[in-house]
Amino acid sequence: MPRPRILVTAPIDHLPETRRVLEAAGEVLYFDHPPRKEILPLLADVDAIFPNTKMMLDQEIVDAAPKLKVISTPSTGTDHIDKDYCARRGVEVLSLTKDLSVLETITSTAEHAFALTLDIVRNMPWSYQSVLEGGWDYTKFRGRELQGRVVGIVGYGRLGKMYARFARGFDMKVLATDPNVKIAEPWVEQVSLDELLKRSEIITLHVHLRPETRRMVDRSWFERMRPGVYLINTSRGGLIDDEALLAALESGKVKGAGLDVLEGEIEGDMSRHPVVQYARTHRNIIITPHCGGMSIDGQQKAFTHAARKLARFFDEHR
């Protein structure tokens with residue numbers, strides 16, 4: 001029986017254990033961040049795809065791979081995969097979404113969210129840039145202490161809980177809202193969304209992107225927020241209405257935003273994104289390139305687990 005052909009589009013040169021597992025499972029073709037026009041001709045004989053999150057695996061991609069049996073993504077989010085079409089084609093989609101035994105050990109994204117919080121509240125990028133330019137004037141970069149600040153966590157799942165623990169370590173007042181969770185921690189006050197928006201000085205999003213959550217952070221949200229709030233998003237860019245966010249930043253309703261994700265980042269030209277263009281001329285927004293979960297430690301755990309799931313799939317379907 002021929003070995004399955006696995007196309008890997010995620011850069012994993014730095015993850016030898018992931019490579020070992022994949023290469024034991026099949027014949028592996030590595031092609032890091034391939035342009036769409038170059039990947040299409042490679043798909044004719046592919047049995048599996050081990051993707052990054054920068055390419056939309058849509059109907060065109062799936063149709064170009066008639067032998068495709070499985071996609072194993074080393075991510076919790078799956079908005080880069082047309083799962084409905086995969087289901088119609090009989091292509092199984094494996095993700096880390098429910099693999100809590102592994103996910104509970106990976107703190108990278110929650111740490112990144114908290115780092116963005118510190119950076120935006122203390123004006124770190126701009127004070128650093130000022131030093132590089134020869135300045136040494138702290139009066140331009142006065143920030144706020146986190147101690148005593150009220151932080152509102154929207155979505156109290158794995159990452160929301162981690163962020164809450166970090167906030168507690170900084171002696172912050174922690175609010176959280178999640179209609180699907182009964183919060184057990186006595187130091188977290190479970191509140192309605194309206195109350196969270198009204199009381200929070202910092203709001204951080206930890207919500208999956210679904211049809212019902214797309215652009216949920218809209219003008220009505222910003223109208224309910226207290227003036228001078230900080231907004232953090234390391235979940236998915238599609239949760240935020242960009243036009244409403246920019247208006248809130250311009251008006252000062254949002255004092256600062258720390259974003260690791262933007263809508264349209266999958267195969268988009270992010271240099272022309274309106275939020276990126278705004279950031280070039282304003283000092284109240286920090287944007288990182290969806291690297292929250294991309295620590296070496298986190299990738300070693302997540303990518304190797306996804307590779308083992310893929311290997312197990314082929315073992316079970318021989």
Side-chain angles (χ1 to χ4, degrees), residues 2-15 18-19 21-23 25-97 209 211 214-215 235-238 242 259-277 279-280 287-294 299 302-303 306-307 309-311 313-314:
R3 303 182 77 211
R5 288 175 59 85
I6 304 169
L7 175 63
V8 177
T9 65
I12 60 171
D13 284 348
H14 60 300
L15 303 173
T18 305
R19 291 175 63 98
V21 173
L22 289 171
E23 290 167 10
E27 179 184 342
V28 182
L29 173 64
Y30 296 102
F31 199 162
D32 296 352
H33 298 314
R36 190 179 188 87
K37 64 181 180 181
E38 294 182 22
I39 194 175
L40 288 170
L42 303 175
L43 295 169
D45 295 321
V46 164
D47 298 289
I49 301 176
F50 191 88
N52 57 22
T53 58
K54 296 183 179 296
M55 175 178 292
M56 185 66 195
L57 301 181
D58 53 17
Q59 181 174 343
E60 182 183 30
I61 294 291
V62 175
D63 283 345
K67 298 181 180 180
L68 185 63
K69 302 175 182 64
V70 59
I71 297 169
S72 183
T73 181
S75 62
T76 55
T78 56
D79 54 307
H80 57 297
I81 302 171
D82 187 338
K83 293 192 293 183
D84 290 339
Y85 188 70
C86 285
R88 293 199 296 273
R89 264 283 315 275
V91 175
E92 187 156 350
V93 175
L94 308 175
S95 73
L96 308 184
T97 307
L209 181 62
R214 182 171 292 279
R215 298 186 182 179
S235 294
R236 286 295 184 269
D242 290 334
L259 310 176
D260 186 47
V261 287
L262 290 173
E263 187 167 24
E265 68 182 70
I266 299 176
E267 299 183 321
D269 181 357
M270 301 312 291
S271 68
R272 305 172 82 173
H273 194 287
V275 178
V276 174
Q277 291 181 333
R280 291 193 179 106
I287 306 171
T288 52
H290 202 157
C291 56
M294 296 299 117
Q299 284 189 317
F303 282 54
K309 290 184 74 166
L310 182 60
F313 173 88
F314 284 118

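Throughout, numbering of the chain's residues begins at 1 and tracks the sequence. Note that these values count all heavy atoms, side chains included, but never hydrogens, waters or copies made by symmetry. Note that the structure is predicted; figures quoted are calculated from it, not measured.
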Who pairs with [X] by side-chain contact (heavy atoms from CB on, under 4.5 Å), at least two apart in sequence or on another chain?
{"X": "Val93", "result": "Ile81, Lys83, Cys86"}
{"X": "Asp58", "result": "Arg36, Met56, Glu60, Ile61"}
{"X": "Asp47", "result": "Pro4, Arg5, Lys67, Lys69, Phe314"}
{"X": "Ala65", "result": "Leu43, Leu68"}

Indicate yes or no: at least one non-hydrogen side-chain atom of [X] is less than 4.5 angstrom from one of [Y].
{"X": "Arg280", "Y": "Ser271", "result": "yes"}
{"X": "Thr288", "Y": "Val261", "result": "no"}
{"X": "Ile71", "Y": "Leu94", "result": "no"}
{"X": "Gln299", "Y": "His14", "result": "yes"}
{"X": "Leu40", "Y": "Leu42", "result": "no"}

**Message:** For Ser72, give me all partners under side chain to side chain donor-acceptor pair (under 3.5 Å), at least two apart in sequence or on another chain.
**Reply:**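 Counting only residues at least two positions away or on another chain, Ser72 forms no side chain to side chain donor-acceptor pair (under 3.5 Å).
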**Request:** Could you tell me which residues satisfy side chain to side chain donor-acceptor pair (under 3.5 Å) with Glu265, sequence neighbours excluded, listed by chain and number?
**Result:**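 Expected list: His290.
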**Item:** Asp242/Arg215 salt bridge by N-O under 4.0 Å criterion
**Value:**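 The answer is no: the pair does not qualify as a salt bridge.
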**Request:** Return yes if some donor-acceptor pair links the side-chain N/O of Ser95 with the main-chain N/O of Thr78 below 3.5 Å, else return no.
**Result:**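 Not a single qualifying donor-acceptor pair exists.
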**Request:** Please answer whether the main-chain N or O of Glu263 pairs with a side-chain N or O of His273 as donor and acceptor at a distance below 3.5 Å.
**Result:**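 A pair under 3.5 Å: yes.
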**Asked** Can you tell me if Tyr85 and Asp63 form a side-chain donor-acceptor pair at under 3.5 Å?
**Response**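 Distance-only check passes for Tyr85 and Asp63.
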**Request:** Report yes or no: is the cationic atom of Arg19 (NZ for Lys, CZ for Arg) closer than 6.0 Å to the six-membered ring centre of Phe303, at no more than 45° off its axis?
**Result:**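 Here Arg19 fails the 6.0 Å and 45° test against Phe303.
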